[in-house]
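A quick write-up on the structure given underneath.
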Amino acid sequence: MAKSLLMTSSLSARTNLLQLTGVSLYNTTHGFHEEEVKKTLQKFPGGSIDLQKEDSGIGILTLNNPSKMNAFSGVMMLQLLERVIELENWKEGKGLIVRGAKNTFSSGSDLNAVKALGTPEDGMALSMFMQNTLTRFTRLPLISVALVQGRALGGGAEFTTACDFRLMTPESEIRFVHKEMGIIPSWGGASRLVEIIGSRQALKVLSGALKLDSKRALNIGMAEEVLQSSDETKSLEEAQAWLMQFVSGPPEVVRAMKKSVCSGKELYLEEALQNERDLLGTVWGGPANLEAIARKGKFNK
């Protein structure tokens, strides 16, 4: 009886985050034709999105196009979606670090693709594609952190907002340069920035195209911490150690915790509470729960 109650949910298909894996914001009803966009993006090669999955349950996602400051080519945008899908299916995963190759994060979109996709319709199609991808990224049941080395500009700055946390090296910077390009953020970066630092600060950062060095980013709540080293290898080790304090423990518990926080962020209170209840049903009485109870019992004797 109790188990059946736990499994019962009145959440709609629209809001049930447990069922949203692989579901995108836009489809053909919105005038979005994903396969056509993919064919277009395939015309702009260069760089790669590399994923390394560690036995610790921490993945390392590397934006790898150093000759262009890790700017996103069309192929890299396609590969990012592929890596997100891979991470959605990584059941042992608990955490994720996003970084750029060669000690810089990302300069945003490759201008070759931007110039070729010059119509408003092209821009909106690309916006829908990247919003789909990064929304799925934010909903991953992994605790994610952007390791900002060097510069995170434009779309690169937007990508940092899709992560749960941001760590910066001493000489790094985040800058939303969209205004100087005559556009606005379109990968979801403005909406997520408001959530991170509030509407007043977000308006200043976006309208002023402000340079957020590590100290300023820390002061306004954009960054969680400034790392000690700017060295590529050492800063990655620092980021891994920082993240480990939040992802230690059984994967099913960490993943359920992340999902419950996503529910609280995206859903109405009643729906979030019901989703939290359903998530509890996936871990209550499970191996980690029973082991913890047994261990606690020993301490109390």
**Asked** Is any side-chain heavy atom of Phe72 closer than 4.5 Å to a side-chain heavy atom of Ser107?
**Response** no
**Prompt:** Take atom CD in Gln228; do more than 12 heavy atoms of anything else shown fall under 6.0 Å from it?
**Reply:** no
Would you check if the side chain of [X] reaches a backbone N or O of [Y] as a donor-acceptor pair within less than 3.5 Å?
X      : Y      : answer
Ser109 : Leu111 : no
Ser229 : Lys234 : no
Asn65  : Ser48  : no
Glu34  : Phe129 : no
Thr28  : Gly31  : no
Thr160 : Ala157 : yes

**Request:** I would like to know whether Lys38 and Glu35 meet salt bridge (charged side-chain N to carboxylate O under 4.0 Å, His left out); could you show each step before the answer?
**Result:** CA-CA 5 Å; Lys38 286 182 176 180; Glu35 292 307 314; 3.7 Å; yes
With a 3.5 Å cut-off and no angle check, do the side chains of [X] and [Y] form a donor-acceptor pair?
X      : Y      : value
Thr62  : Arg99  : yes
Glu232 : Asn103 : no
Ser260 : Glu276 : no

**Request:** Assess whether salt bridge (charged side-chain N to carboxylate O under 4.0 Å, His left out) is satisfied between Asp50 and Arg83, documenting all intermediate values.
**Result:** CA-CA 8 Å; Asp50 305 327; Arg83 300 297 175 263; 5.4 Å; no
**Item:** Residues Glu88, Arg139; criterion salt bridge (charged side-chain N to carboxylate O under 4.0 Å, His left out); working and verdict
**Value:** CA-CA 9 Å; Glu88 286 174 341; Arg139 289 173 174 167; over 6 Å; no
